[in-house]
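The block underneath contains the structure these notes are about, expressed in structure tokens.
Bear in mind the structure is a predicted one, so any value in this text is a computation, not a measurement.
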Amino acid sequence: MKRLFAAILALLLCLTPCAFADDDIASTAIEPVAKGLRISELMASNSDTLEDSFGNSADWIELHNTTDHPIDLTGMYLSDSKKDLERYQFPDGLIIEPDAYLIIFCSGLKKNVEEELHTPFKLSAAGETVYLMQDGLAVDIVTFPKQVSDIAYALCEDGTYAFTVDATPGEANIITPVED
């Protein structure tokens, strides 16, 4: 009986990190379109890491297509509000190629500009949750804590997130821990 209990507990502990932060939002990955699409890095307090085409240092989110096939973002949304999961809709026909990255500026602009995506919301440096949604289902959800200027919050190889001093927008993450 103790072994059965230990096995069940171990299984639950293994599954817990994969669970999403919001239990009432459908958290099943969508098949086959968005499986493998991840929020891989973000910066909610960008002062000089990355500039948009206007020369502004807006907050940003990076998506990574971890698959070996293109993913069409048509019908997908990005939001920082649980009450409005469709705050930003990706342009129809926008494709992320296999193992490619996409940067979205969270600048508060209400429209995209040539070759650049801008959400109508900004990220809170105090910490919040970011939702990547499609058809009312969560593709990925990331809750991040309070941010420090120019320190990225990035997806690690083990599936967890960590702060890193080496922001890598548009490239594979390099996790260099922040020293106290």
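For the pair T119 and R87, the minimum side-chain heavy-atom distance is 4.5 Å or more. Side-chain contact check for V178 versus V148: every heavy-atom pair is 4.5 Å or farther apart. Looking only at side-chain heavy atoms (C-beta outward), V142 and L42 come within less than 4.5 Å of each other. Contact annotation: the side chain of D48 approaches that of D150 to within less than 4.5 Å [non-hydrogen atoms, C-beta and beyond]. The shortest distance between side-chain heavy atoms of I61 and L123 falls below 4.5 Å. Within the 4.5 Å cutoff, the side chain of E86 has heavy atoms near those of the D84 side chain. Side-chain contact between L102 and L73 is present, with at least one heavy-atom pair separated by less than 4.5 Å. Between L63 and I39 the shortest side-chain heavy-atom distance falls below 4.5 Å.
Y153 and Y161 have parallel rings, their planes meeting at less than 30° on a 0 to 90° scale where 60° marks the start of perpendicular.
Alongside W60, the hydrophobic cluster contains M43, L50, I103, F105 (criterion: ILVMFWY side chains under 4.5 Å).
A side-chain donor-acceptor contact under 3.5 Å links E116 to the backbone of S53. For T66 (side chain) and G36 (main-chain N/O), a donor-acceptor pair under 3.5 Å exists by modelled atom type. Remark: side-chain polar atoms of Q147 are paired, donor with acceptor, to backbone N or O of P145 under 3.5 angstrom. One N or O on the side chain of D158 and one on the backbone of T160 form a donor-acceptor pair closer than 3.5 Å. Using modelled atom types, one side-chain atom of N173 and one backbone atom of L155 make a donor-acceptor pair closer than 3.5 Å.
Under the 4.5 Å side-chain heavy-atom criterion for ILVMFWY residues, a single connected hydrophobic cluster contains both L78 and L94.
Between the OG1 atom of T67 and the CD atom of E97 there is a distance of 9.5 Å, given to the nearest 0.5 Å. How far OH of Y131 is from OG1 of T143: 6.5 Å, rounded to the nearest 0.5 Å. Rounded to the nearest 0.5 Å, atoms OH (Y88) and CG (L117) are 4.0 Å apart. Atoms OG and CG, on S107 and N46 in that order, are 11.5 Å from each other to the nearest 0.5 Å. In this structure, CG in L132 is found 6.5 Å from CG in D140, a value given to the nearest 0.5 Å.
H64 pairs by the ring pair (Phe, Tyr, Trp, His ring centres under 6.0 Å) definition with Y101, not counting sequence neighbours.
The closest side-chain donor-acceptor pair between T74 and D72 falls under 3.5 angstrom. Side-chain contact, E41 with T168: a donor N or O sits under 3.5 Å from an acceptor N or O.
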